[in-house]
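The structure appears below as structure tokens.
Naming: A, B, ... by sequence-line order, numbering from 1 per chain.
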Amino acid sequence: MSKQLETKFNEILFKNPVVPASGTFGFGREYEAYYDLEKLGGLCSKGLTLAPQSGNTGIRLWETPAGLMNSIGLENPGIDAFIENEWPHLKSLDTVTIVNVGGKDEESYLKAIEKLNAIDVKLIELNISCPNVKAGGMAYGMTAETAGDITKKVVAISNHPVMVKLSPNGDSVAEIAVACEASGAQGISLINTIQGMAIDYKKKVVVFDNLYAGLSGPAVKPIALRMTHQVCQAVNIPIMAMGGISTWEDALEFIMAGATCIQIGTMNFINPLAPIEIIEGLEVYCEKEGLSNISEIRGIV
Amino acid sequence: MSKQLETKFNEILFKNPVVPASGTFGFGREYEAYYDLEKLGGLCSKGLTLAPQSGNTGIRLWETPAGLMNSIGLENPGIDAFIENEWPHLKSLDTVTIVNVGGKDEESYLKAIEKLNAIDVKLIELNISCPNVKAGGMAYGMTAETAGDITKKVVAISNHPVMVKLSPNGDSVAEIAVACEASGAQGISLINTIQGMAIDYKKKVVVFDNLYAGLSGPAVKPIALRMTHQVCQAVNIPIMAMGGISTWEDALEFIMAGATCIQIGTMNFINPLAPIEIIEGLEVYCEKEGLSNISEIRGIV
Amino acid sequence: MAIIQSNEFVSPGICKMTVAFTGAVLPGQFFMLRAWDKDPLLSRPISVHDYEDGKLTFLYQVVGKGTEILSCLKAQSEVTLQGPLGNGFPQIVGDLCVVGGGIGIAPLYYLMKDYKKKNPHGNCRVYLGFRDSSYCVESFNAIADEVNLNIGGIITDQLKVAASEVVVTCGPEVMMKSVAKVTPAENQVYVSMEAHMACGIGACLGCTCATKYGNKKVCQDGPVFLSGEVFYV
Amino acid sequence: MAIIQSNEFVSPGICKMTVAFTGAVLPGQFFMLRAWDKDPLLSRPISVHDYEDGKLTFLYQVVGKGTEILSCLKAQSEVTLQGPLGNGFPQIVGDLCVVGGGIGIAPLYYLMKDYKKKNPHGNCRVYLGFRDSSYCVESFNAIADEVNLNIGGIITDQLKVAASEVVVTCGPEVMMKSVAKVTPAENQVYVSMEAHMACGIGACLGCTCATKYGNKKVCQDGPVFLSGEVFYV
Ligand SMILES: Cc1cc2nc3c(=O)[nH]c(=O)nc-3n(C[C@H](O)[C@H](O)[C@H](O)COP(=O)(O)OP(=O)(O)OC[C@H]3O[C@@H](n4cnc5c(N)ncnc54)[C@H](O)[C@@H]3O)c2cc1C
Ligand SMILES: Cc1cc2nc3c(=O)[nH]c(=O)nc-3n(C[C@H](O)[C@H](O)[C@H](O)COP(=O)(O)OP(=O)(O)OC[C@H]3O[C@@H](n4cnc5c(N)ncnc54)[C@H](O)[C@@H]3O)c2cc1C
Ligand SMILES: Cc1cc2nc3c(=O)[nH]c(=O)nc-3n(C[C@H](O)[C@H](O)[C@H](O)COP(=O)(O)O)c2cc1C
Ligand SMILES: Cc1cc2nc3c(=O)[nH]c(=O)nc-3n(C[C@H](O)[C@H](O)[C@H](O)COP(=O)(O)O)c2cc1C
Ligand code: FES
Ligand code: FES
């Protein structure tokens with residue numbers, strides 16, 4: 001493999017900047033039938049919480065024009081089960097495993113982080129932005145103050161670097177990012193899903209038991225790209241950007257806007273090979289443009 | 001025409017709740033080749049400012065998945081030219097003409113409103129949410145405080161009822177709506193376009209001279225519907241909702257979420273007959289459901 | 001990518017598509033199909049209706065945009081397949097009684113055929129219920145030992161399950177529930193569940209179904225479940 | 001909705017579509033075309049290449065998703081047309097000199113044909129420039145009094161305009177600009193402009209073009225302008 005896509009996210013070396021996004025990739029196993037996970041720059045775990053969660057009731061998925069709404073509600077086996085059942089396999093892979101952590105209050109965040117201190121995770125993605133459950137932490141992600149506050153506490157006890165995943169649903173993302181940086185965050189990821197609503201007009205009811213749900217997919221790309229650009233202009237820590245990326249061209253645009261790595265979410269469902277095709281597309285691009293490393297076009301616009 | 005779609009927006013009687021949105025319908029003339037404008041519930045003028053404006057330079061339109069980005073920048077002939085050239089025709093129509101007003105500062109808003117006091121407008125749409133120019137007033141639309149402040153001043157001098165058009169790009173729309181209501185707004189319209197960004201990766205440049213631009217069209221519908229629902233829950237004044245409505249089913253969902261009227265924007269470009277088809281679809285729906293008036297399903301979810 | 005060999009309406013709103021495919025395919029499994037770019041966004045889960053000699057057949061009802069596009073595809077054009085996915089029906093031990101409602105009959109044909117092949121002396125009885133008009137009944141007639149047809153009525157009014165039979169049902173959830181209810185507790189009843197799906201492979205947790213033993217994924221742990229597992233309340 | 005009579009590639013990447021249409025259509029006008037639901041979202045502006053006896057012809061280059069979909073449409077299928085739109089070329093008084101670059105030749109054929117019909121004794125000279133390979137040259141040959149072909153070079157190197165001629169040019173903006181530049185100031189030069197369009201009818205202000213006389217809408221006030229009006233700086 002060529003080194004043109006090698007990317008450093010602070011001290012962490014990614015083979016390439018492409019990372020499947022939390023909640024869209026399980027713990028990777030399902031995609032092993034499609035390709036070798038070690039081809040990926042990294043991968044991000046399903047959002048984990050201290051205790052197991054069974055997620056939301058009712059319809060969890062709804063299609064919209066070029067978008068997908070989900071109300072999974074952070075169904076997950078809990079940190080302990082993750083460490084026992086999934087971590088040994090993930091650890092054995094030669095790719096960067098990122099662990100995504102949600103919480104319902106300060107205590108549950110901190111306890112989860114403490115447990116993760118016991119294992120050799122390269123990067124934590126602190127999810128303060130899941131719109132689908134209280135335990136998703138979106139309440140923390142809505143203002144710079146609350147986001148900065150939880151970040152500071154988590155960073156203080158974490159043995160691992162912490163990247164904070166921002167919500168597009170609250171105050172200015174740039175302000176929130178600045179607060180997270182000031183509180184010691186080593187990176188920012190964005191965007192989580194955008195809060196939306198669906199109504200089943202035939203049944204005259206709201207589609208989701210949880211009233212609102214999170215919108216992702218190509219529909220949100222222009223918004224995600226704008227927020228990525230705003231945050232890249234505002235902070236000096238590296239950004240892992242996502243939101244509607246479906247082709248290598250999309251990925252490139254986020255990198256041109258300043259992102260260090262990019263994540264692929266919804267597109268995994270549409271084409272399980274999407275991350276690999278994006279990696280290949282970026283490789284060909286570097287070749288054609290004569291770039292010795294993709295970083296040469298980072299932040300170019 | 002049947003009365004099933006007759007809708008009262010405060011004291012103003014609309015034949016039906018369907019209104020082409022500001023900036024997507026010129027001053028109506030272009031669509032007269034396609035249908036009789038008097039079939040519409042109302043229509044909304046292009047955003048007007050005190051002085052004529054030539055709008056933004058460079059590319060003004062960019063397609064995204066199920067969406068359209070625009071950076072028109074409030075190109076308009078100014079209030080005086082509007083009153084002279086367009087108003088006589090609009091006034092003669094048996095439909096509710098709404099005049100959309102933007103401004104760059106308090107003075108320009110207030111002067112524009114004063115000039116409109118001279119003509120017999122039924123409803124003013126106060127645009128504090130155009131993301132594409134300073135003069136679009138988005139700065140006013142970002143916080144409850146600034147929105148409430150300008151609303152109060154405008155309402156104080158306006159002879160006509162004022163509906164405030166909210167931005168989806170700032171603080172919680174519900175909070176802003178509450179502030180506008182408290183400041184005397186007689187209605188709320190939402191959403192204006194969502195700020196997004198486009199990059200031309202081939203040219204390695206930002207597409208729009210103005211950096212960011214406004215996203216509209218089907219892609220934004222879930223977000224617009226959620227915001228409409230939030231605002232309808234928060235205030236008691238009527239709501240005129242929009243954002244990605246492309247069929248009568250979409251229109252119905254916004255009404256079920258609590259909207260009194262709905263506006264059709266981008267869809268006018270895709271199918272010039274869209275508003276008429278939506279009116280017809282809603283009529284058939286009322287018939288089939290045995291509703292004596294569409295209001296019976298308003299806010300049903 | 002698979003090449004479509006034929007794709008035709010067999011009844012108003014009901015289409016049958018045959019594509020070239022090789023590999024192991026179990027009755028009750030499904031594929032994710034797409035033949036469009038981003039509108040609609042997701043692929044559509046469709047069960048295996050028949051599989052033989054490199055020919056895979058789907059039977060599907062046109063209900064919305066995705067199935068509409070599928071129904072317009074011409075022979076020789078391409079469709080993107082992902083699969084086979086899901087667990088499929090178990091090996092049936094004993095006699096077989098299948099109960100299908102509407103388009104729910106789709107996966108039952110291949111099941112029955114496969115059962116008859118593996119159990120030449122086994123008995124296979126079929127109940128098919130339709131709202132307005134029936135389709136594909138001849139193909140069931142050709143293989144089953146008994147076919148009961150019901151149009152416009154309630155299929156479970158007729159249903160009588162023998163002690164030797166394993167029951168397999170697919171159709172509207174209310175129908176499957178009532179099949180489970182009228183079947184003696186001693187008989188095993190397998191149901192094929194539906195859910196809105198995004199990934200189809202167990203990664204998104206969008207198709208979760210609450211069961212007696214906790215959440216299960218319809219796409220990966222199912223779509224086939226023992227009725228007692230999913231209809232437990 | 002219009003029925004497609006034929007739709008075929010006439011050269012790699014260049015397609016010609018004929019549809020049934022009746023009504024008045026001027027050379028230089030265009031239609032908004034679509035044959036898809038929401039992906040892409042907008043219709044695509046395509047100029048009239050020819051119009052005769054209820055047959056409307058488009059000549060278009062496949063450059064992206066929209067034109068790709070158009071190029072796959074089969075005869076007898078439907079395409080949605082909105083138009084004719086725009087001002088079209090003016091009535092030419094005097095002789096005619098047309099200068100087309102690449103797919104910019106599309107609207108010039110109907111213009112030339114129409115001119116020859118109305119001015120049987122008028123002189124019509126044609127310059128056609130292509131980057132790699134030429135197309136549709138025969139059809140120009142059949143009508144024009146003189147055709148100059150240039151492949152891979154710069155067309156304006158050859159261009160010589162007579163005092164009696166009105167110049168009409170369509171192609172890349174740089175080409176049109178240099179046509180305007182090398183043409184004596186006494187000759188009128190008309191150019192056909194392009195812009196990203198949403199509505200095509202003057203309602204969105206998305207296609208605005210700055211002119212000597214202020215903003216003009218390419219779709220409604222154009223696409224044809226006097227060169228001095230748009231290339232004024
Ligand atoms: C495992 C599995 C196997 C299936 N096998 C078959 C089959 O063999 N033949 C067949 O005709 N259908 C089958 N279905 C149902 C089929 O997937 C849906 O009818 C199809 O996805 C509808 O897509 P559409 O775009 O045409 O309609 P849409 O416009 O997407 O939807 C039309 C209606 O169908 C509902 N719907 C959408 N997706 C699903 C879904 N995944 N499950 C249930 N309802 C849905 C929508 O809520 C809506 O009411 C199966 C579903 C599953 C989960
Ligand atoms: C009045 C007018 C008449 C035209 N007549 C013809 C014609 O007769 N034959 C022909 O082949 N083409 C013509 N065009 C250009 C044609 O409209 C575009 O090539 C087409 O819209 C591209 O659509 P797409 O989906 O295939 O490509 P996209 O993927 O949308 O775009 C491919 C490339 O084309 C650019 N593009 C998109 N839309 C336009 C546009 N409206 N104008 C210029 N560039 C655009 C994009 O920026 C991109 O670089 C005309 C354009 C206008 C404005
Ligand atoms: C089904 C689904 C589940 C998700 N679960 C999580 C999660 O557990 N934790 C999290 O931080 N983000 C979660 N997300 C958000 C994605 O990681 C990503 O931020 C979002 O989908 C935007 O990217 P995309 O447009 O590429 O999908 C989920 C998204 C989807 C569609
Ligand atoms: C080309 C264009 C121009 C617009 N101009 C204005 C404007 O002048 N004033 C305004 O308040 N909104 C303007 N809007 C916003 C629309 O009125 C509407 O709020 C938005 O497009 C969302 O609705 P839609 O998704 O149905 O298009 C414009 C939108 C578009 C696409
Ligand atoms: S559809 Fe994604 S887990 Fe079942
Ligand atoms: S394309 Fe809308 S004004 Fe020209």
Heavy-atom closest pair, residues V101(A) and Y109(A): O-CE2, 3.8 Å

Contact summary for I201(C) and C219(C), nearest pair of heavy atoms: N-SG, 3.7 Å

Chi angles and distances behind the side chain to side chain donor-acceptor pair (under 3.5 Å) call for T247(A), E249(A): CA-CA 5 Å; T247(A) 60; E249(A) 290 95 331; 3.3 Å; yes

Per-residue contact mode, [X] against chain C (heavy atom under 4.5 angstrom):
X	result
Y34(A)	side chain
T24(A)	backbone
T266(A)	side chain

Does [X] pair with [Y] as a salt bridge, N-O distance under 4.0 Å?
X	Y	value
K216(C)	E229(C)	yes
D114(C)	K118(C)	yes
D209(A)	R60(A)	no
D94(A)	K15(A)	yes

Within residues 63-71 of chain A, residues adjacent to chain C where the heavy-atom gap is under 4.5 Å: E63(A), A66(A), G67(A), L68(A)

In terms of heavy-atom pairs under 4.5 Å with chain A, which of [options] leads?
options	result
Q82(C), K38(C), Q220(C)	Q82(C)
A195(C), C204(C), S43(C)	C204(C)
M197(C), M32(C), R44(C)	R44(C)

Derivation of the side-chain contact (heavy atoms from CB on, under 4.5 Å) call for I124(A) and M163(A): CA-CA 6 Å; I124(A) 301 231; M163(A) 166 171 86; over 6 Å; no

Residue part contacting chain A, namely of K217(C), when any heavy atom lies under 4.5 Å: side chain

Name of the residue among I14(C), L33(C), T67(C) meeting side-chain contact (heavy atoms from CB on, under 4.5 Å) with Y60(C): T67(C)

